[in-house]
Amino acid sequence: MGVSANRKFAGSYAEDPMCGRIALYTPPSRLARLLDASLDEELESEGGPSWNVAPSQTMLALVEPRPDDSAASSEAAGRVLRAFRWGLVPYWAGDPSIGNRMINARAETVASKGAFSSALSRRRCLVVADGFYEWQRDPVNPKRKVPYYFVRADGLPLTLAGLWERWQPPDRPEALLLSCTVITTSAGPDIEFVHDRMPVVVEAPDFDRWLSRAERDPEAVLPLLRPAPAGTLRSHPVSSLVNSPRNDSPELIVEVEAPPPEEPVPTLFD
DNA sequence: CCAGACGTTGTT
DNA sequence: GTCTGG
DNA sequence: CCAGACGTTGTT
DNA sequence: GTCTGG
């Protein structure tokens with residue numbers, strides 16, 4: 001058994017696509033086709049369409065299967081689309097709650113952190129998303145946050161640099177938890193007006209290098225962890241309904257009018 | 001060497 | 001497992 | 001990331 | 001303020 005699951009990939013999907021929080025509503029079969037991957041056997045029972053995937057919930061990611069992996073024995077399958085819990089739980093962890101604090105890894109430091117070192121060498125993945133949300137903080141009133149939705153400008157699904165792990169409870173070796181984290185870097189030109197960080201976007205020509213199990217030298221893959229160049233992403237402001245992880249509907253990605261910036265509050269010294 | 005931690009974000 | 005700190 | 005809770009004892 | 005849960 002795999003991963004924590006909380007929704008079913010069944011029934012209605014958005015027909016067309018038009019970190020953190022992401023959206024993942026394109027059906028797995030279509031994602032696999034678009035990304036030239038095969039579907040993990042257990043995928044159909046894991047997760048479901050969501051416009052508001054939060055840490056601790058199920059994400060989908062591409063991995064290169066091991067040669068002995070059952071998913072690899074089926075046909076071409078250079079890569080497999082598989083379900084993971086968002087929040088990395090290293091296999092040496094005594095308690096899976098560590099995953100709550102491992103939802104991102106910084107590209108600048110990932111190679112020098114004990115918690116990520118092993119996964120960076122041997123367990124890299126590409127987190128698949130239709131889009132992701134970033135919150136713009138009002139410089140006058142930092143408590144006021146305006147959410148923006150980001151997608152690829154070319155309409156393809158996002159493929160975000162990630163790491164994954166397998167974890168087994170000490171007392172229940174049969175209960176396998178697959179988990180993952182999203183690598184972040186400084187914001188590129190498409191994003192910096194909202195936020196100073198962004199998830200690392202990996203482009204199709206780099207998929208094989210990032211996913212390669214044979215490549216165990218972090219130095220060989222770190223150059224891929226760079227901000228997305230201008231024009232990669234497009235974005236629009238969305239409703240603050242997305243703020244609550246309890247809300248989940250297509251309405252969350254609908255463009256709304258950006259609220260005007262808050263007027264500076266006069267102070268005694270103005 | 002051993003022991004102990006293993007993370008990022010944003011905010012002040 | 002792997003890194004940092006002592 | 002944001003929202004929401006923030007606790008222990010003992011009893012069923 | 002800080003931690004947990006989604």
Side-chain angles (χ1 to χ4, degrees), chain A residues 3-7 19-24 46-48 50-59 83-124 127 129 131-150 158 160-168 170 177 179-187 191-192 194-200 216-219 225 235 237-249 252-253 267:
Chain A
V3 203
S4 72
N6 34 36
R7 286 189 199 84
C19 204
R21 227 70 75 72
I22 69 160
L24 181 58
E46 306 283 357
S50 175
W51 292 263
N52 202 358
V53 180
S56 80
Q57 296 182 326
T58 300
M59 300 203 294
F84 297 85
R85 186 188 208 266
W86 190 356
L88 198 73
V89 182
Y91 66 94
W92 42 257
D95 186 303
S97 65
I98 190 174
N100 295 336
R101 302 180 297 281
M102 309 274 272
I103 66 173
N104 293 127
R106 291 175 65 89
E108 299 90 333
T109 58
V110 63
S112 59
K113 300 292 184 183
F116 298 134
S117 180
S118 174
L120 179 64
S121 290
R122 306 174 62 146
R123 288 178 300 280
R124 297 180 297 272
V127 172
F132 63 88
Y133 301 94
E134 294 283 1
W135 279 260
Q136 180 183 57
R137 302 189 101 91
D138 189 316
V140 174
N141 176 11
K143 289 181 179 175
R144 214 173 64 122
K145 292 162 286 193
V146 179
Y148 281 73
Y149 183 58
F150 288 84
L158 288 157
L160 308 176
L163 306 173
W164 67 278
E165 289 272 3
R166 318 172 69 130
W167 182 84
Q168 293 177 310
L177 174 70
S179 62
C180 70
T181 190
V182 176
I183 300 177
T184 63
T185 187
S186 55
I191 292 212
E192 58 189 2
V194 169
H195 195 60
D196 63 352
R197 304 289 298 171
M198 68 177 294
V200 171
R216 293 189 182 176
D217 178 10
E219 294 301 319
L225 304 180
S235 66
V238 294
S239 161
S240 59
L241 282 173
V242 73
N243 291 10
S244 174
R246 303 175 61 174
N247 294 328
D248 185 3
S249 77
L252 301 193
I253 65 170
T267 72

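Order of the sequence lines sets the chain letters (A, B, ...), proteins ahead of strands, with each chain counted from 1.
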Visitor: Taking dT12(B) as the reference, what is the distance to dC1(D) when you measure between their P atoms (whole Å, please)?
Guide: 14 Å

Visitor: Expressed in whole Å, how much space separates the P atoms belonging to dG5(E) and dA3(B)?
Guide: 31 Å

Visitor: Spell out, as yes or no, whether a donor-acceptor pair under 3.5 Å connects the side chain of Arg123(A) to the backbone of Leu120(A).
Guide: no

Visitor: Looking only at atom P, what distance separates dT8(B) and dG1(E), rounded to whole Å?
Guide: 23 Å

Visitor: For dG7(B) and Asn104(A) - does any side-chain N or O of the residue sit under 4.0 Å from the phosphate oxygens OP1/OP2?
Guide: no

Visitor: Say you pick atom P in dC3(E) and the same atom in dA5(B); how far apart are they, in whole Å?
Guide: 15 Å

Visitor: Rounding to a whole Å, what distance do you find between Met198(A):CE and dT9(B):P?
Guide: 13 Å

Visitor: For the residue pair Ser179(A) and Val89(A), what are the closest heavy atoms and their distance?
Guide: OG-N, 2.8 Å

Visitor: If you take all heavy atoms of Ile183(A) and Arg106(A), which pair is closest and at what distance?
Guide: CG2-C, 4.4 Å

Visitor: Whole Å only: how far is the CZ atom of Phe132(A) from the P atom of dC2(D)?
Guide: 14 Å

Visitor: In whole Å, what is the span from the CE atom of Met102(A) to the P atom of dA5(B)?
Guide: 14 Å

Visitor: Ile98(A) near the nucleic acid: base, sugar-phosphate alone, or nothing, with a heavy-atom cut-off under 4.0 Å?
Guide: nothing

Visitor: Check Met102(A) against Phe116(A) and note the closest heavy-atom contact, atom names and distance.
Guide: CE-CE2, 4.0 Å

Visitor: When the distance from CG of Leu163(A) to C1' of dT8(B) is rounded to whole Å, what number comes out?
Guide: 14 Å

Visitor: Rounded to whole Å, please give me the gap between CH2 in Trp86(A) and P in dC1(D).
Guide: 10 Å

Visitor: Under 4.0 Å between any heavy atoms, over every strand shown, what does Pro142(A) touch: base, sugar-phosphate, or nothing? Just pick one.
Guide: sugar-phosphate

Visitor: Provide the distance between the two P atoms, one in dG7(B) and one in dG6(E), to the nearest whole Å.
Guide: 24 Å

Visitor: Tell me, which stems hold DNA chain D, with a stem being 3 or more Watson-Crick or G-U pairs in a row and both distances under 3.5 Å?
Guide: D:1-6 with E:1-6

Visitor: Without swapping roles, check the side chain of Asp248(A) against the backbone of Ser50(A) for a donor-acceptor pair under 3.5 Å.
Guide: no

Visitor: Is Asn247(A) touching bases, backbone alone, or none of the nucleic acid, heavy atoms closer than 4.0 Å?
Guide: nothing

Visitor: Considering all heavy atoms of both residues, which atom of Trp167(A) and which atom of Ala93(A) are nearest to each other, and what is their separation?
Guide: NE1-O, 2.7 Å

Visitor: If you compare all heavy atoms of Pro245(A) against all heavy atoms of Ala54(A), which two are closest, and at what distance to 0.1 Å?
Guide: CB-CB, 4.3 Å

Visitor: Between Arg197(A) and dT9(B), is there a side-chain N or O to OP1/OP2 distance below 4.0 Å?
Guide: yes

Visitor: Could you check which of dG4(D), dG7(B), dC1(D) has an atom nearest any side-chain atom of Arg246(A)?
Guide: dG4(D)

Visitor: Closest heavy-atom contact between Arg197(A) and Ala107(A)?
Guide: NH2-N, 4.4 Å

Visitor: For nucleotides 1-6 of chain C, read 5' to 3', which letter fits each nucleotide if B means a protein heavy atom sits under 4.0 Å from the base, S means only the sugar-phosphate is that close, and - means neither?
Guide: BBSS--

Visitor: Give the C-alpha distance, both sets of side-chain angles, the deciding distance and a yes or no for side-chain contact (heavy atoms from CB on, under 4.5 Å) between Ser118(A) and Trp92(A).
Guide: CA-CA 11 Å; Ser118(A) 174; Trp92(A) 42 257; 5.9 Å; no

Visitor: May I have the distance from Glu134(A) (atom CD) to dT8(B) (atom P), rounded to whole angstrom?
Guide: 16 Å

Visitor: Which part of the nucleic acid, if any, lies within contact of Thr181(A), taking any heavy atom under 4.0 Å across all strands shown: a base, the sugar-phosphate backbone alone, or nothing?
Guide: nothing

Visitor: Rounding to an integer number of Å, can you tell me how far Met59(A) CE sits from dC1(D) P?
Guide: 14 Å

Visitor: As a test of reading the structure: which of dT8(B), dC1(D), dG4(D) is closest to the side chain of Arg106(A), going by heavy atoms?
Guide: dT8(B)

Visitor: Figure out the NZ/C1' separation between Lys143(A) and dC1(D), and round it to whole Å.
Guide: 18 Å

Visitor: For dT9(B), does OP1 or OP2 lie under 4.0 Å from any side-chain N or O of Thr184(A)?
Guide: yes

Visitor: Between Phe150(A) and Phe132(A), what is the ring plane arrangement, given parallel below 30°, perpendicular above 60°, and tilted in between?
Guide: parallel

Visitor: Whether the side chain of Asp138(A) engages the backbone of Arg144(A) through a donor-acceptor N/O pair (distance < 3.5 Å, no angle test) should be reported.
Guide: no

